[in-house]
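Letters go in sequence order (proteins before strands), and every chain restarts at 1.
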Number of protein chains: 2
Amino acid sequence: MHASIVGQLKVCLSYRTIQDTVILLFNPLSIDLVHSYTEENYIKTIFKLSANGTQEVNTNAIAEALETRAASVTDMLRKLSAKQLVNYVKYKGVSLTQEGEQVALQVIRKHRLWEVFLLEKLKFSWDEVHEVAEELEHVNSPLLIQRLDEYLGYPKFDPHGDPIPSESGQMMVKKQRLLAELEIAEGGVVVGVNDSQPLFLQYLNKVGISLGSRIRVVDKMAYDHSLEIVLEEEKSLLLSSEVSRNIFLSA
Amino acid sequence: MHASIVGQLKVCLSYRTIQDTVILLFNPLSIDLVHSYTEENYIKTIFKLSANGTQEVNTNAIAEALETRAASVTDMLRKLSAKQLVNYVKYKGVSLTQEGEQVALQVIRKHRLWEVFLLEKLKFSWDEVHEVAEELEHVNSPLLIQRLDEYLGYPKFDPHGDPIPSESGQMMVKKQRLLAELEIAEGGVVVGVNDSQPLFLQYLNKVGISLGSRIRVVDKMAYDHSLEIVLEEEKSLLLSSEVSRNIFLSA
DNA sequence: ATTTATTTTTAGGCTAGCCTAAACCAGAAA
DNA sequence: TTTCTGGTTTAGGCTAGCCTAAAAATAAAT
């Protein structure tokens, strides 16, 4: 059988031959084509937007997140829909198909593994990591990611405390609570952040909060919802409501 | 002064201000714009083609190397010429400008550093390295490359024995001779290969030749220019002329 | 129910990078 | 010198991804 046809067999469930004609029976969910840099970014964005909040994502939200225009988003949604990566109904918003979700999870896996590498091996700081990982996540080589994962010791969480999906798209779920939701006298260990912008991470660095820091709430100001906390049972700090809504503690 | 203007100052020699109007005086050689994935590949290819042999590179050679058509090459040469990266005269071939050469050297630097990383840290084999590095070389982050270089211990040569250009574009030059050019009883240490195709590297692996192997020529067959050699003073081998023209030994 | 405001889509156009087919140039051969 | 031949360029066209402006659909407000 011709090599290029044999190459396709691994993505199809079965095949039959009738007089020299090969009939391929595809399982649409198992076709893992390579997607463009741009397509990957759209899918990742849709995943993130549907994760925190509503089910259906609307066009403007995507446009804003990707710093592009609504018309461009519509174009791409029609393309992704044709590729069966999203469920798209005109004027009604969009959601990922199962296959689209797998694509998103693999991009996120690559992104987070590179973040771990940059931080642990190349000594990048918490806030320098994101931008570079944003480029590296689109390098396409399953072998590379597999070896990188091994080299890093199969980490389950990235430097921001976010879980790293496995090769098959599974993620650890961490029981976590927003610092802002704790009552007086409650406490916990910092396991993640809700905002990865450099400015926020630099702020945390400055006040001495990092993954693993132990925090206890001492007082809550009813006026502006700011919090008085104790860090590592020794340093007292006042955190704004803004900040306390962006730190996750172990539950 | 406005931030976006200040951002440009680092690439210009000087500036003067006349009634609120800033005049930037550029040194055309110092402008290091970001070039597209495709542009980088053309420049790298021109560099490689002009390195081994003639000065002026012709259109068809580039087309063949990049697996594209001559017409597409012409398009790109006009574009690169407008950007001052190449000296291009219609029908007369093309060569890199000083700036173009710097771009080429930086791409090669990135490529070879990633090759070292893949081989030494991620345990890739000699022949798996190239393809992935071909993608990684276009990731654009000076900080990343600087840290990677540091992490790898500032290597001067890549896994194929080729020199790694420095940040300023300097390369070590190794005195080396082709195995094919040695006389009977001469010998040396393998310092590089002249062909990085997987098939050739897999062949070397199989017969046990790698960087650092010690080789001595025992006999040369006048008929087909094949060579009888001794490897590590213990194993006798017969190498074809083809193979002996693709192995470099220390001089 | 109708009007108004907002969101989304279509229509048409742009650039980068690629293609084929046809025209063009340069250097070798006659 | 002229002719031939092969390499090179132009002309015109394609897709991906982006844009603006205008039209259409939905949601909100009267």
Side-chain angles (χ1 to χ4, degrees), chain A residues 33-46 49-50 53-96 100 103-104 107 134-135 137-140, chain B residues 33-46 49-50 53-96 100 103-104 107 134-135 137-140:
Chain A
L33 292 167
V34 176
H35 306 288
S36 77
Y37 190 106
T38 313
E39 288 169 337
E40 284 191 347
N41 272 337
Y42 272 92
I43 291 170
K44 189 182 64 169
T45 301
I46 295 167
L49 289 174
S50 59
T54 45
Q55 201 59 27
E56 302 293 308
V57 179
N58 50 325
T59 306
N60 269 348
I62 300 171
E64 196 188 349
L66 287 172
E67 295 182 64
T68 182
R69 299 314 178 107
S72 310
V73 174
T74 302
D75 282 353
M76 182 57 85
L77 293 185
R78 296 211 293 126
K79 191 179 160 197
L80 294 176
S81 184
K83 279 189 160 192
Q84 313 250 39
L85 294 166
V86 299
N87 305 115
Y88 170 55
V89 184
K90 264 174 30 166
Y91 295 104
K92 296 291 181 186
V94 69
S95 63
L96 293 178
V103 173
V107 175
E134 205 67 21
E135 278 204 57
E137 76 188 7
H138 300 291
V139 172
N140 188 41
Chain B
L33 293 167
V34 177
H35 306 289
S36 76
Y37 190 106
T38 313
E39 287 169 338
E40 284 190 347
N41 272 337
Y42 271 93
I43 292 170
K44 189 183 63 168
T45 301
I46 295 167
L49 290 174
S50 59
T54 46
Q55 202 57 29
E56 303 292 309
V57 179
N58 49 326
T59 307
N60 267 349
I62 299 171
E64 197 187 347
L66 287 172
E67 295 182 65
T68 181
R69 299 314 178 108
S72 311
V73 175
T74 302
D75 281 352
M76 182 56 86
L77 293 185
R78 295 210 293 126
K79 190 180 161 196
L80 294 176
S81 184
K83 279 189 161 191
Q84 313 250 39
L85 293 167
V86 300
N87 306 115
Y88 171 55
V89 184
K90 263 175 28 168
Y91 295 104
K92 297 289 181 186
V94 70
S95 63
L96 292 178
V103 173
V107 175
E134 205 68 21
E135 277 204 59
E137 75 188 7
H138 300 291
V139 172
N140 189 42

Calculate the interatomic distance between B/I62 atom CD1 and D/dT8 atom P; express it in whole Å.
9 Å
What is the distance, to the nearest angstrom, from the CE atom on A/M76 to the P atom on D/dC19?
11 Å
Using OP1 and OP2 only, check whether a side-chain N or O of A/T74 sits under 4.0 Å from C/dT9.
yes
Which nucleotide wins on minimum distance to the side chain of A/N60, given the candidates D/dC19, C/dT7, C/dC18?
C/dT7
Measure from NE2 on B/H35 to P on C/dA16 and round the result to the nearest Å.
15 Å
Under 4.5 Å between any side-chain heavy atoms of A/T68 and A/Y42, yes or no?
yes
Mind checking A/Y42 for me? I need base, sugar-phosphate or nothing, with any heavy atom below 4.0 Å counting as a touch.
sugar-phosphate
Looking only at side-chain N and O atoms, does B/T59 come under 4.0 Å of OP1 or OP2 in D/dG7?
no
Which nucleotide in C/dT20, D/dC19, C/dC18 has an atom nearest any side-chain atom of B/A71:
C/dT20
So A/T38, base contact, sugar-phosphate only, or nothing? Heavy-atom distance under 4.0 Å.
sugar-phosphate
So, is B/K92 close to the C/dG27 phosphate, meaning a side-chain N or O under 4.0 Å from OP1 or OP2?
yes
Do B/H138 and B/N41 touch side chain to side chain, with heavy atoms closer than 4.5 Å?
yes
Between C/dT10 and A/K90, is there an OP1 or OP2 to side-chain N/O distance shorter than 4.0 Å?
yes
Quick one: is D/dA23 close enough that its OP1 or OP2 comes under 4.0 Å of any side-chain N or O from A/Y91?
no
Evaluate the side-chain proximity of B/V94 to B/I62: yes if any heavy-atom separation is below 4.5 Å, no if none is.
yes
Does the side chain of B/Y88 come within less than 4.5 Å of B/M76's, by heavy atoms?
no
Please determine whether a side-chain nitrogen or oxygen atom of A/N58 lies at a distance below 4.0 Å from atom OP1 or OP2 of C/dT7.
no
Roughly how many Å is it from CG in B/D75 to P in D/dG12, rounded to a whole number?
14 Å
Side chain of B/A70 only, heavy atoms from C-beta on: which candidate in D/dC19, D/dT9, C/dT9 is closest?
D/dT9
B/L77 atom CG is separated from D/dT8 atom P, nearest whole Å, by 10 Å
Please work out if A/Y37 contacts a base, only the sugar-phosphate, or nothing of the nucleic acid, heavy-atom cut-off 4.0 Å.
nothing
Using atom NZ of A/K83 as one end and atom C1' of D/dA16 as the other, report the distance to the nearest whole Å.
11 Å
Toward the 5' end of DNA chain D, which comes first, A/S36 or B/A61, by nearest nucleotide?
B/A61
Side chain to side chain, A/V89 and A/E56, heavy atoms closer than 4.5 Å
no
Atom CZ of B/R78 and atom C1' of C/dT15 are separated, to the nearest Å, by 14 Å
Decide yes or no for B/L77 and B/I46: does some side-chain heavy atom of the first lie under 4.5 Å from some side-chain heavy atom of the second?
yes
Would you say B/R69 reaches C/dT20's phosphate, i.e. side-chain N/O to OP1/OP2 under 4.0 Å?
yes
Check this one for me: any side-chain N or O of B/T68 less than 4.0 Å away from OP1 or OP2 of C/dC19?
yes
Specify the separation, in whole Å, of atom CD of B/E39 and atom C1' of C/dC18.
15 Å
